[in-house]
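Report on the structure given below.
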Amino acid sequence: IWSCTTCGACEQECPLGIEYIDKIVDLRRGMVDEGMVPQSLQKPLKALEKRGNPYGKMEKKRADWAFKDKEFAGTCAIKDLAKDEAGTLYFVDSITSYDDNLTRIAQDTAVILDRAGVDFGILGKLEKDSGNEVLRFGEEMLYQDLKDQNTETISELGVKQIVTADPHAYNALKNDYKGLPPVKHISEVVAQKAATGQLSFKDCTMADKVFTYHDPCYLGRHNSLYEAPRQAMDAINGLTRVEMINSRDRSFCCGGGGLMLFYEPEEETRMGVLRVDMAVEAGANVIVTACPFCFVNIQDAIKVAGKEGEVEVMDLTQLIVTHLA
């Protein structure tokens, strides 16, 4: 019951169109009500309830990546929407805000928005976890609380659109929340701005590398957003891109959905390792992700597979910022 990543592959393949995820979540909801929660998941859930993030870190530290990194702050001015107004909200979400390994994704996303001429800001300490994983985990009451707090805060801002680099936040804000402005993934912004010439790129600085794009489940199967990330990559002249056999709606899960960063399912071979093997089989030595969960899992999988030095992982935002003209 707890090992399901809610990736949606089973529903995609089912010839009868049976919706398995809702049934899994209902089973989990019943187990949560009975207190039958895996030990490793109890701590992040309590932290989400108390602090609005699964790490239990202070709310005021949510925006440290933006304002406390003086070198970065000196090159990219970001508005705090608790004090200033902007037309676009960059919704960062918890993993990208607090995980030291992933704050670069937040910074690179901000740089892209800045260079693209987007008037944007962040919620900072007012932001709560989007609740995407909390809902799929079966903690309905906690999810409703997080959603209500975020909805109330965002509604008071008067922003015209929301942008995020996290497909899990994208899915929650777009499909689970009600009454919010239009939501875009950062790959859509890059593809659109590249097409209009508002973003321009240098020739590929890694012409000796072969890139492949890994479709995140909550960007691809759950929201059918396949082309924008590829268009963003293809806007870089000289970049060699290949497709894995399992791509787009038949993409393979990285293994990171449904709070799996805090729970280790029993499996013979990690899904992430199988995904790395697929990339190598396709002839790629750089796996590009567009999701912080995928980045973490594929990064770990490369180590577990013993392929360090042979293949590497990059977030799409890092690839784009590296090549901005």
Side-chain angles (χ1 to χ4, degrees), residues 1-9 11 19-26 28-29 32 37 41 44-49 51-55 62 89-99 102 105-106 109 122-123 127-154 162-188 215-225 251 253-263 289-297 315:
I1 298 300
W2 303 108
S3 294
C4 175
T5 64
T6 67
C7 73
E11 295 185 1
E19 297 180 348
Y20 300 90
I21 294 174
D22 288 347
K23 293 171 176 58
I24 289 286
V25 171
D26 281 343
R28 288 175 173 174
R29 193 174 292 125
V32 168
V37 179
L41 291 173
L45 282 172
K46 288 177 181 176
L48 278 159
E49 186 175 353
R51 295 290 184 192
N53 70 84
Y55 303 99
R62 186 177 275 273
L89 164 64
Y90 168 31
F91 193 95
V92 190
D93 219 352
S94 297
I95 184 173
T96 317
S97 296
Y98 288 111
D99 191 318
L102 300 171
I105 294 176
T109 302
I122 60 174
L123 293 176
E127 183 185 289
K128 302 296 181 183
D129 191 274
S130 66
N132 187 77
E133 279 61 60
V134 176
L135 179 61
R136 273 91 199 156
F137 178 77
E139 257 286 14
E140 186 74 29
M141 293 292 288
L142 177 55
Y143 162 73
Q144 290 294 340
D145 186 45
L146 293 168
K147 183 186 76 168
D148 290 346
Q149 290 184 68
N150 279 327
T151 300
E152 182 179 351
T153 301
I154 295 170
I162 302 172
V163 174
T164 182
D166 187 332
H168 298 250
Y170 175 84
N171 182 72
L173 297 171
K174 183 180 179 182
N175 300 321
D176 300 329
Y177 287 45
K178 303 297 180 187
L180 294 185
V183 183
K184 289 183 178 179
H185 185 262
I186 189 62
S187 63
E188 295 178 279
D215 289 280
C217 301
Y218 273 92
L219 203 59
R221 268 191 299 271
H222 284 285
N223 286 287
S224 300
L225 209 167
S251 182
C253 181
C254 74
L259 287 175
M260 287 300 155
L261 294 184
F262 305 95
Y263 176 73
T289 71
C291 170
F293 289 80
C294 294
F295 182 90
V296 169
N297 277 276
D315 188 80

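The shown structure was predicted, so the numbers you read here are calculated from the model rather than taken from an experiment. Atom set for the values below is all heavy atoms of this structure, side chains included, hydrogens, waters and symmetry mates excluded.
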Of the non-hydrogen atoms in [X] and [Y], which two are nearest, and what is the gap between them?
X      : Y      : result
Gly131 : Leu146 : CA-CD1, 4.1 Å
Ser130 : Asp93  : OG-OD2, 2.7 Å
Ser187 : Leu225 : OG-CD2, 4.0 Å
Leu219 : Ala290 : CD2-CB, 4.2 Å
Cys4   : Ile24  : CB-CG2, 3.9 Å
Thr109 : Ala165 : OG1-CB, 3.4 Å

Does a side-chain heavy-atom distance below 4.5 Å link [X] with [Y]?
X      : Y      : result
Cys253 : Cys294 : no
Ile162 : Lys184 : no
Val37  : Phe137 : yes
Ile122 : Glu127 : no
Pro167 : Asn223 : no

What's the separation between atom [atom1] in [X] and atom [atom2] in [Y], rounded to the nearest 0.5 Å?
X      : Y      : atom1 : atom2 : value
Leu180 : Phe91  : CG    : CZ    : 9.5 Å
Asn171 : Asn132 : CG    : CG    : 5.0 Å
Leu135 : Asn175 : CG    : CG    : 11.0 Å
Asn150 : Leu173 : CG    : CG    : 7.0 Å
Lys128 : Thr151 : NZ    : OG1   : 13.5 Å

Exercise. When the ring planes of Tyr177 and Tyr143 are compared, do they come out parallel, tilted or perpendicular, using 30° and 60° as the limits?
Worked result: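 Tyr177 and Tyr143: perpendicular rings.
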Exercise. Once the angle between the rings of Tyr170 and His185 is folded into 0 to 90°, is it parallel (under 30°), tilted (30 to 60°) or perpendicular (over 60°)?
Worked result: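 It falls in the perpendicular class, over 60°.
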Problem set entry | Residues Lys23 and Asp26 bridged, charged N to O under 4.0 Å |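 Salt bridge between Lys23 and Asp26, a charged N being under 4.0 Å from a carboxylate O: no.
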Exercise. More than 12 foreign heavy atoms under 6.0 Å from CD of Glu19: is that the case here?
Worked result: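 No - once you tally the heavy atoms of other residues, nucleotides and ligands closer than 6.0 Å, there are 12 at most.
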Exercise. Given the rule in the side chain to side chain contact (heavy atoms under 4.5 Å, CB included) test, do Val92 and Thr164 qualify, once you have shown the distances and angles that lead to the verdict?
Worked result: CA-CA 6 Å; Val92 190; Thr164 182; over 6 Å; no
Exercise. Passes side chain to side chain donor-acceptor pair (under 3.5 Å), Asn53 versus Ser94? Steps please.
Worked result: CA-CA 6 Å; Asn53 70 84; Ser94 297; 5.6 Å; no
For this session: Scan Thr5, Asp22, Thr6, Asp176 and name whichever one has a side-chain hydrogen bond (donor to acceptor under 3.5 Å, both in side chains) with Arg136.
Result: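 The single option meeting the side-chain hydrogen bond (donor to acceptor under 3.5 Å, both in side chains) with Arg136 is Asp176.
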Please check: side-chain N/O of [X] versus main-chain N/O of [Y], any donor-acceptor pairing under 3.5 Å?
X     : Y      : result
Arg62 : Ser97  : no
Glu11 : Tyr20  : yes
Asp99 : Ile95  : no
Glu49 : Leu142 : no

For this session: Step by step, work out the side chain to side chain contact (heavy atoms under 4.5 Å, CB included) result for Cys291 and Tyr218.
Result: CA-CA 9 Å; Cys291 170; Tyr218 273 92; over 6 Å; no
For this session: Could you walk me through whether Glu139 and Leu41 pass the side chain to side chain contact (heavy atoms under 4.5 Å, CB included) test, one step at a time?
Result: CA-CA 11 Å; Glu139 257 286 14; Leu41 291 173; over 6 Å; no
Problem set entry | side chain to side chain contact (heavy atoms under 4.5 Å, CB included) assessment of Arg29 paired with Val25 | CA-CA 6 Å; Arg29 193 174 292 125; Val25 171; 3.4 Å; yes
